[in-house]
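Input: a single structure, listed below in structure tokens.
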Amino acid sequence: MAASNATEQLLSVLRETIVALVRRDGPDLSARQLGVFLTVYLTEGPHTVRGLAAELNVSKPAITRALDRLGELDLARRKVDPMDRRSVIVQQTLKGSAFLRELRKIMGEASGGRSSGSMRRAANA
């Protein structure tokens, strides 16, 4: 029963976060775009299109389309790898870092002040 309650809390935080993102003045990201964005910003890099595709278990063209949109919004940037010109490195941007801070704030508000420890326990339940 506790695991079910914890899952419901997490779903509520997710819903409130998504609703806040939709209501705010700014671009909407698809689930795939948000997944790519969060992977680039929350996991250790460097990130490549090939590596992101493998990590997220989606095709390289799907990653490319997500990165096209993130690039349009200046939330991520692609650069040719100087060590291997066949490879493209995905870089963070200042605007992307600001968006991540905003997302953290929105999620904090959506969690209603729940501690990060209780949220982690709920996520693992």
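Scope of the values below: all heavy atoms of this structure, side chains included, with no hydrogens, waters or symmetry mates. Fair warning: this is a prediction, and the values are worked out from it, not measured in the lab.
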Give the cluster check for Tyr41 versus Leu34: same hydrophobic cluster or not, with ILVMFWY residues linked at side-chain heavy-atom distances below 4.5 Å. yes
Taking every heavy atom of Thr93 against every heavy atom of Arg77, the minimum-distance pair comes out as CG2-NH2, 3.6 Å
Can you see which heavy atom on Arg78 is nearest to which on Val90, and at what distance? CG-CG2, 4.4 Å
Report the distance from atom CD of Gln9 to atom OG1 of Thr7, rounding to the nearest 0.5 Å. 9.0 Å
Rounded to the nearest 0.5 Å, how far does CG of Leu70 lie from CZ of Arg32? 12.0 Å
Salt bridge or not between Glu72 and Arg69? Use side-chain N to carboxylate O under 4.0 Å. yes
Side chain to side chain contact (heavy atoms under 4.5 Å, CB included) with Pro46: which residues, sequence neighbours excluded? Ile89
Leu52 CG to Lys60 NZ distance, which is reported to the nearest 0.5 Å: 12.0 Å
How close do Glu55 and Thr43 get, heavy atom to heavy atom, and via which atoms? OE2-CG2, 3.9 Å
Applying a strict under-4.5 Å side-chain criterion to I, L, V, M, F, W and Y, I'd like to know whether Val13 and Leu38 cluster together. yes
For residues Asp28 and Leu21, report the shortest heavy-atom separation together with the two atoms involved. OD1-O, 3.8 Å
Taking all heavy atoms of Arg104 and all of Leu42, pick out the closest pair and write down the distance. NH2-CD2, 3.5 Å
With a 4.5 Å limit on heavy-atom distance, are the side chains of Asp74 and Leu94 in contact? no
Report the distance from atom CE of Met107 to atom CD1 of Ile18, rounding to the nearest 0.5 Å. 9.0 Å
Between atom CD1 of Ile63 and atom NE2 of His47, what is the distance when rounded to the nearest 0.5 Å? 11.0 Å
When you compare the side chains of Glu16 and Ser12, does any donor N or O come within less than 3.5 Å of an acceptor on the partner? yes
Linking I/L/V/M/F/W/Y whenever any side-chain heavy atoms sit under 4.5 Å apart, do Val40 and Leu100 land together? yes
Decide if the gap between the ring center of Phe99 and the ring center of Phe37 is smaller than 6.0 angstrom. yes
Against Val36, only a single residue in Leu75, Val58, Leu56 fulfils side chain to side chain contact (heavy atoms under 4.5 Å, CB included); can you say which? Leu56
Working to the nearest 0.5 Å, report the span between OG of Ser111 and CG of Leu10. 10.0 Å
Does the Arg24 side chain pair with the main chain of Pro27, one donor and one acceptor, at a distance under 3.5 Å? yes
